[in-house]
**Q** 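The structure that follows is given in the form of structure tokens.
In this chain, numbering begins with 1 at the start of the sequence shown. Predicted model, so just to flag it, every value in this text is computed and none were measured.
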Amino acid sequence: LSDADSQFPGGITVDPLENTLFLANGRNGLYRYDVEGNLLKTYSVPTESNLRDVAADRFGMIVVTDNVYQWYISMLFDGTQVIAGGEDFAWNYPKAVAISPYDGNVYLLDESEETSRIRVYTSDTGDWVRDIYLEPRGIDGYKGLAFDPNAYLYISDQIEGGLLKIDPMTGAILDTIGYLELAPSSVSDLAIDDQGNFYVLMSTSPDDSAVYVLNPRGALIRRFGHLNYDGSDWSEGTFQLPVSIAVTGDGRFVFICENGFLTAYRLEKP
């Protein structure tokens, strides 16, 4: 996955129907893998693209963000492009993307030193719908973007800690999940399974665990993986700079991406 001409790989997501994995691999393009790590398909994207994140829905739609052209691209699972849309993003954005399970709209994180917002577009026509403004946190002040089974939107607040629960229609902050568990840590990404459990990928944590699993109420129920900060240990299940996380709907498989590696876990039910 690493390449001298490529930036760090971006996001990953799971096809909800077949449990295959999509990887937005920076300047190397968009890939699709099975759970064993076999490459199933590469997708055609513009040559100069730098793909930062990817999302997939249950209706056969993929959305990838590209911070070179500063747009998002919607395509079908077979690679047919539907639309390229979005405008007026800050430099090096958009990054994180999520697709609403309620109406299929595309939600894109956009940040500058002065403004933090989530821009909402239609996936099929690229029409702008609305902006959701967040408390300004500066560049990378928020990480991850994911919907739960009830179509509420979540994002990690890197400054205050915890996961913000957002009403995607009004933009109202409804709750902060996992504040006590996540406040002393730094989050890289998050994913949510069909039961509403949160899989939070850490870049730092007090006990050096790589993944914290929270139940829908925000209580910590599991930890796995290990963080190593100086590069002295890159054995299986140990991460230095983890980038993104994805989980299958049933919570059986969890995938972690860092520069050079994809790691897959098969979780046994506790």
**Q** About how many Å separate OG of Ser123 and CE of Met75, when rounded to the nearest 0.5 Å?
**A**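 The distance works out to 12.5 Å.
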**Q** What residues, two or more places apart in sequence or in another chain, satisfy side-chain contact (heavy atoms from CB on, under 4.5 Å) together with Ser112?
**A**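 Ser112: side-chain contact (heavy atoms from CB on, under 4.5 Å) contacts with Ala90, Glu114, Thr115.
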**Q** Measure the spacing between OH of Tyr212 and CG of Leu190 and express it to the nearest 0.5 Å.
**A**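 Between Tyr212 OH and Leu190 CG, I get 15.5 Å after rounding to 0.5 Å.
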**Q** Please give me the minimum heavy-atom distance between Asp57 and Phe77, naming the atom from each residue.
**A**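 Answer, listing the atom of Asp57 first, then Phe77: O-CZ, 3.7 Å.
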**Q** Are Asn38 and Tyr33 close enough that a side-chain donor and a side-chain acceptor fall under 3.5 Å?
**A**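 There is no such pair (donor and acceptor under 3.5 Å, judged by atom type) between the side chains of Asn38 and Tyr33.
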**Q** Taking the side chain as every heavy atom from C-beta outward, state whether Val200 and Leu163 have any atom pair closer than 4.5 Å.
**A**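 The answer is yes; the side chains approach within 4.5 Å.
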**Q** Checking Tyr93 against Glu111 for the side chain to side chain donor-acceptor pair (under 3.5 Å) test, could you report, in this order, the C-alpha distance in whole Å, the side-chain angles of both residues, the deciding distance, and whether it holds?
**A** CA-CA 7 Å; Tyr93 280 81; Glu111 297 176 289; 2.7 Å; yes
**Q** Would you find more than 12 non-hydrogen atoms of other residues, nucleotides or ligands less than 6.0 Å from Tyr229 atom OH?
**A**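 Count over threshold, so yes.
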**Q** When you look at Met61 and Ser74, which way does the side-chain contact (heavy atoms from CB on, under 4.5 Å) test go after all the steps?
**A** CA-CA 7 Å; Met61 185 75 74; Ser74 295; 3.9 Å; yes
**Q** Any chance the rings of Phe147 and Tyr154 have centres within less than 6.0 Å?
**A**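 That pair fails the under 6.0 Å test.
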**Q** Would you say the ring centers of Phe261 and Trp234 fall short of 6.0 Å from each other?
**A**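 Here the rings of Trp234 and Phe261 have centres that are less than 6.0 Å from each other.
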**Q** Does Val63 belong to the same Ile/Leu/Val/Met/Phe/Trp/Tyr cluster as Leu30, with side-chain heavy atoms less than 4.5 Å apart forming each link?
**A**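 The answer is no; the residues belong to distinct hydrophobic clusters.
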**Q** Please walk me through it: do Asp194 and Arg58 pass salt bridge (Lys or Arg N to Asp or Glu O under 4.0 Å)?
**A** CA-CA 12 Å; Asp194 288 347; Arg58 298 181 184 277; 3.1 Å; yes
**Q** Hey, is the main chain of Ser186 close enough, under 3.5 Å, to the side chain of Thr204 for a donor-acceptor pair?
**A**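 Yes, the answer is positive, given that a donor and an acceptor are paired below the 3.5 Å cut-off.
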**Q** Please check: side-chain N/O of Asp175 versus main-chain N/O of Ile177, any donor-acceptor pairing under 3.5 Å?
**A**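 No, the answer is negative, given that no donor and acceptor are paired below the 3.5 Å cut-off.
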**Q** For Glu135 and Tyr142, what are the C-alpha separation, side-chain angles and deciding distance, and is it a side-chain contact (heavy atoms from CB on, under 4.5 Å)?
**A** CA-CA 10 Å; Glu135 189 71 24; Tyr142 296 93; 3.7 Å; yes
**Q** Are Ile192 and Ile245 connected into the same hydrophobic cluster when the rule is that any two of I, L, V, M, F, W, Y join if their side-chain heavy atoms are below 4.5 Å apart?
**A**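 Yes; tracing contacts between hydrophobic side chains, which count when under 4.5 Å, links both residues.
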**Q** What verdict does the side-chain contact (heavy atoms from CB on, under 4.5 Å) test give for Ile159 and Asp157, after you've listed the backbone C-alpha separation in whole Å, the side-chain angles of each residue and the deciding distance to 0.1 Å?
**A** CA-CA 6 Å; Ile159 305 301; Asp157 186 333; 3.8 Å; yes
**Q** Nearest 0.5 angstrom please: Asp78 CG to Leu76 CG, how far?
**A**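 It is 5.0 Å, given to the nearest 0.5 Å.
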**Q** Of all the heavy-atom pairs spanning Arg137 and Ser116, show the shortest one and how long it is.
**A**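 Minimum heavy-atom contact is N-OG, 3.1 Å.
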**Q** Check for me, please, whether Val211 and Val187 land in the same ILVMFWY cluster - side-chain distances under 4.5 Å, paths through other members count.
**A**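 Val211 and Val187: one cluster.
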**Q** When you group the ILVMFWY residues by side-chain heavy-atom contacts below 4.5 Å and let the links chain together, are Tyr107 and Ile155 in the same group?
**A**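 Linked within one cluster.
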**Q** Can you name the residues that form a ring pair (Phe, Tyr, Trp, His ring centres under 6.0 Å) with Tyr69, not counting sequence neighbours?
**A**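 Only Trp71 meet the ring pair (Phe, Tyr, Trp, His ring centres under 6.0 Å) criterion with Tyr69.
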**Q** Nearest heavy-atom pair of Gly251 and Val247: which atoms, and what distance?
**A**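 Smallest interatomic distance, heavy atoms only, reads CA-CG2, 3.9 Å.
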**Q** So that I know where these two stand, are Phe22 and Tyr31 an aromatic pair - ring centroids less than 6.0 Å apart?
**A**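 Not close enough - the centres of the two rings lie 6.0 Å or further apart.
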**Q** So, for Ala98 and Ala55, which heavy atoms are closest and what is the spacing to 0.1 Å?
**A**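 The pair with the smallest heavy-atom distance is CA-CB, 4.1 Å.
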**Q** Do Tyr121 and Asp127 come within less than 4.5 Å of each other through their side chains, counting heavy atoms only?
**A**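 No, side chains not in contact.
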**Q** Within a strict 4.5 Å, meaning less than it, do heavy atoms of the Lys165 and Ile173 side chains meet?
**A**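 In short, these two side chains do not touch, never coming nearer than 4.5 Å.
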**Q** Ignoring hydrogens and angles, state whether a donor on the side chain of Asp208 or Ser205 is under 3.5 Å from an acceptor on the partner side chain.
**A**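 Checked: Asp208/Ser205 side chains show no N/O donor-acceptor pair below 3.5 Å.
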**Q** Can you check side chain to side chain donor-acceptor pair (under 3.5 Å) on Ser49 and Asp66, steps first, answer last?
**A** CA-CA 6 Å; Ser49 293; Asp66 177 0; 2.8 Å; yes
**Q** Distance check, rounded to the nearest 0.5 Å: Phe198 atom CZ versus Asp148 atom CG?
**A**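 The distance works out to 6.0 Å.
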**Q** Any heavy-atom pair between the side chains of Ile62 and Val54 that's under 4.5 Å?
**A**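 Val54 reaches Ile62 side chain to side chain.
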**Q** Evaluate the side-chain proximity of Val120 to Trp128: yes if any heavy-atom separation is below 4.5 Å, no if none is.
**A**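 Trp128 vs Val120: side chains apart.
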**Q** Among Val254, Leu220, Ile221, Leu267, exactly one meets side-chain contact (heavy atoms from CB on, under 4.5 Å) together with Val213. Which residue is that?
**A**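 That would be Ile221.
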**Q** So do the side chains of Asp250 and Asp193 get within less than 4.5 Å of each other, counting heavy atoms only?
**A**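 They are not in side-chain contact.
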**Q** Could you state the interatomic distance from OG1 (Thr13) to CG (Asp53), rounded to the nearest 0.5 Å?
**A**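 With rounding to 0.5 Å, OG1 (Thr13) is 8.0 Å from CG (Asp53).
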**Q** Can you tell me how far the CD1 atom of Ile73 sits from the CD1 atom of Ile83, to the nearest 0.5 Å?
**A**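 Spacing of CD1 (Ile73) from CD1 (Ile83) equals 10.5 Å.
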**Q** Check Gly225 against Phe239 and note the closest heavy-atom contact, atom names and distance.
**A**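 Of all heavy-atom pairs spanning Gly225 and Phe239, the closest is CA-CE1, 4.5 Å.
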**Q** Any side-chain heavy-atom pair from Thr238 and Leu227 closer than 4.5 angstrom?
**A**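 The answer is no; the side chains never approach within 4.5 Å.
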**Q** Should Ser185 and Pro206 count as side-chain neighbours, where that means a heavy-atom distance under 4.5 Å?
**A**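 Yes, side chains in contact.
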**Q** Are any of the side-chain nitrogens in Arg130 or Asp167 under 4.0 Å away from the carboxylate oxygens of its partner?
**A**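 Judged by the 4.0 Å cut-off on N to carboxylate O distance, Arg130 and Asp167 do not form a salt bridge.
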**Q** My understanding is that only residues two or more places apart in sequence, or in another chain, count here; which of them pass ring pair (Phe, Tyr, Trp, His ring centres under 6.0 Å) with Tyr265?
**A**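 Only Phe224 meet the ring pair (Phe, Tyr, Trp, His ring centres under 6.0 Å) criterion with Tyr265.
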**Q** Using the rule that Ile, Leu, Val, Met, Phe, Trp and Tyr join whenever any side-chain heavy atoms are under 4.5 Å apart, tell me whether Ile166 and Leu108 fall into a single cluster.
**A**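 No, Ile166 does not connect to Leu108 through the hydrophobic network.
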**Q** Salt-bridged, Lys143 to Asp189, with N to O below 4.0 Å?
**A**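 Salt bridge flag = no for Asp189 with Lys143.
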**Q** Is it true that Arg119 and Asp131 have a side-chain N and a carboxylate O under 4.0 angstrom from each other?
**A**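 Looking at Arg119 and Asp131, the cut-off is met.
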**Q** Might you point out which heavy atoms bring Cys257 and Gly10 nearest each other, and give the distance in Å?
**A**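 Between these two residues, the closest heavy atoms are SG-O, 4.3 Å.
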**Q** Asn67 and Asn50: side chain to side chain donor-acceptor pair (under 3.5 Å), yes or no, with the steps?
**A** CA-CA 6 Å; Asn67 65 359; Asn50 186 35; 3.1 Å; yes
**Q** Taking only Lys NZ, Arg NE, NH1 and NH2, and the carboxylate oxygens of Asp or Glu, determine whether Arg32 and Asp15 approach each other closer than 4.0 Å.
**A**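 Answer for the salt bridge query: yes.
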